[in-house]
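None of the values given here were measured: they were computed from a predicted structure. Numbering of residues begins at 1 and proceeds along the displayed sequence.
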Amino acid sequence: LPYVGSRSYNQGFSEGTGEIRKVIDETAMLGVDLKFDTELINGNFTGDLRGTHEQMSIRALSLYFDRLFIKGDRSTDPTEFNGLQSRIAAGSTQYIAAGNSSGGDALSLAKLAEARLKYRNATHWIMNPTMYLRLEAASRNASVAGYITYQVNQFGSQIMMYAGLPIMVLDQDNNGDSILDFTEANPGGGSAASTSIYLVSFAAGTIVTGK
């Protein structure tokens, strides 16, 4: 942001110009190559064999994208795009540690509140199923319930919300591996047994991400 201030009579304002940073982000080509023998397509099979495999490919591709969105890292695979984990390093201003205990710290609602206050333009939480269930259990606690609400989305599904923002759950990728497993390093050392909760914004014109 530019410098701004106040002035006295017959004085000028100090010059201030905002800084616009040029950011270049690499893209990646995602897809699948489906090949079928014509006899399989034209043969006497029940149902649409090609359509079924196309739907399976779309499902696998969506799960693969979910993994890259969090775990993508061009330094280890240049065909990927960089995910949130590689963008938000420990110690950065976007990183909020739950604590410094060796082996990890328990989920802290105070830390979630700190993140929510810091990133006011955020639109969603992203977490693994275990953390989601912990919050769901907390909703039955009278002292916490006010922060956890439920809303029906456009597809008729009930969505749990925390502090007014919907929660997105990332489970497994296309290979059946957990995307946000408890395998991340702890700030306090010890075994790598932590996971991350991400606070992001998908709104147009905003760039907000923290964990």
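Atoms CG and CG, on Leu109 and Leu112 in that order, are 6.0 Å from each other to the nearest 0.5 Å. Interatomic distance, Ile148 CD1 to Met160 CE, rounded to the nearest 0.5 Å: 5.5 Å. In this structure, Gln94 CD and Leu199 CG are separated by 10.5 Å, a value rounded to the nearest 0.5 Å. Between the OG atom of Ser178 and the CG atom of Asp171 there is a distance of 6.0 Å, given to the nearest 0.5 Å. Considering CG of Leu170 and NZ of Lys71, their distance stands at 10.5 Å, rounded to 0.5 Å.
Screening residues 83-92 for salt bridge (Lys or Arg N to Asp or Glu O under 4.0 Å) gives Asp25-Arg87 as the qualifying pairs, with residues at least two apart or on separate chains. A salt bridge (Lys or Arg N to Asp or Glu O under 4.0 Å) check over residues 192-204, counting only residues at least two apart or in different chains, returns nothing.
With sequence neighbours excluded, no residue satisfies salt bridge (Lys or Arg N to Asp or Glu O under 4.0 Å) with Glu136. With sequence neighbours left out, the salt bridge (Lys or Arg N to Asp or Glu O under 4.0 Å) criterion links Arg134 to no other residue. Taking the side-chain hydrogen bond (donor to acceptor under 3.5 Å, both in side chains) definition, one finds that Asp105 meets it with Ser101, sequence neighbours left out. Applying the side-chain hydrogen bond (donor to acceptor under 3.5 Å, both in side chains) test to Asp181 and every residue at least two apart in sequence or in another chain returns nothing. With sequence neighbours left out, Thr79 forms a side-chain hydrogen bond (donor to acceptor under 3.5 Å, both in side chains) with Asp77. Residues meeting the ring-ring contact (aromatic ring centres under 6.0 Å, His included) test with Tyr132, sequence neighbours left out: none. Partners of Lys118 by salt bridge (Lys or Arg N to Asp or Glu O under 4.0 Å), not counting sequence neighbours: none found. Not counting sequence neighbours, Tyr150 has no partner by the ring-ring contact (aromatic ring centres under 6.0 Å, His included) test. Looking at residues two or more places apart in sequence or on another chain, you find a side chain to side chain contact (heavy atoms under 4.5 Å, CB included) between Phe182 and Asn128, Thr130, Met131, Thr195. Residues satisfying the salt bridge (Lys or Arg N to Asp or Glu O under 4.0 Å) test with Glu19, not counting sequence neighbours, are Arg21.
When only modelled atom types and interatomic distance are considered, Glu184 and Ser196 share a side-chain donor-acceptor pair under 3.5 Å.
Judged by distance alone, the side chain of Ser108 and the main-chain N or O of Lys111 form a donor-acceptor pair under 3.5 Å. Asn175 places no side-chain N or O within donor-acceptor distance of the main-chain N or O of Asp177, the cut-off being under 3.5 Å. At distances below 3.5 Å, at least one donor-acceptor pair connects side-chain atoms of Asn82 with backbone N or O atoms of Arg74.
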_Under the criterion side-chain contact (heavy atoms from CB on, under 4.5 Å), I'd like the reasoning laid out for Leu135 against Leu107: C-alpha separation, chi angles, the key distance, then a yes or no._
CA-CA 9 Å; Leu135 280 178; Leu107 172 63; 4.1 Å; yes

*asked:* Test side-chain contact (heavy atoms from CB on, under 4.5 Å) on Ile167 and Tyr162; report intermediate values, then the result.
replied: CA-CA 7 Å; Ile167 298 174; Tyr162 180 77; 4.1 Å; yes

*What do the steps show when you test Ile126 against Phe69 for side-chain contact (heavy atoms from CB on, under 4.5 Å), and what is the final call?*
CA-CA 11 Å; Ile126 300 177; Phe69 186 75; 3.8 Å; yes

*Glu80/Arg67 under salt bridge (charged side-chain N to carboxylate O under 4.0 Å, His left out): CA gap, chis, key distance, verdict*: CA-CA 10 Å; Glu80 300 178 348; Arg67 184 187 70 81; 3.0 Å; yes

*What's the verdict on side-chain contact (heavy atoms from CB on, under 4.5 Å) for Leu165 and His124, showing C-alpha distance, side-chain angles and the deciding distance?*
CA-CA 5 Å; Leu165 301 181; His124 292 79; 5.9 Å; no

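Nearest approach of Leu34 to Ser57, heavy atoms of both residues: CD2-OG, 3.3 Å. Nearest heavy atoms, Ser86 versus Gly72: OG-O, 3.2 Å. When all heavy atoms of Gly5 and Phe13 are compared, the pair lying nearest together is O-CE2, 3.6 Å. Closest heavy-atom contact between Ser201 and Ala122: CB-CA, 4.0 Å. In terms of heavy atoms, Ile159 sits closest to Pro166 at CG2-CB, 3.8 Å. For the residue pair Gly31 and Leu61, the shortest heavy atom distance occurs at N-CD1, 3.8 Å.
The side-chain heavy atoms of Ile70 and Leu180, taken from C-beta on, include a pair separated by under 4.5 Å. In this structure, Thr17 and Glu15 have side chains that are in contact, with non-hydrogen atoms separated by less than 4.5 Å.
In the hydrophobic cluster analysis, where Ile, Leu, Val, Met, Phe, Trp and Tyr join through side-chain heavy atoms closer than 4.5 angstrom, Leu84 is grouped together with Phe202. If you chain together hydrophobic residues whose side chains sit under 4.5 Å apart, Leu30 and Met56 never meet in one group. Under the 4.5 Å side-chain contact rule for hydrophobic residues, Leu63 and Leu68 do not share a cluster. By the criterion of side-chain heavy atoms lying less than 4.5 angstrom apart, applied directly or through intervening Ile, Leu, Val, Met, Phe, Trp or Tyr residues, Met161 is not grouped with Met127; the two fall into different hydrophobic clusters.
For an aromatic pair to be called close, the ring centres must be under 6.0 Å apart, and Trp125 with Tyr198 fails this.
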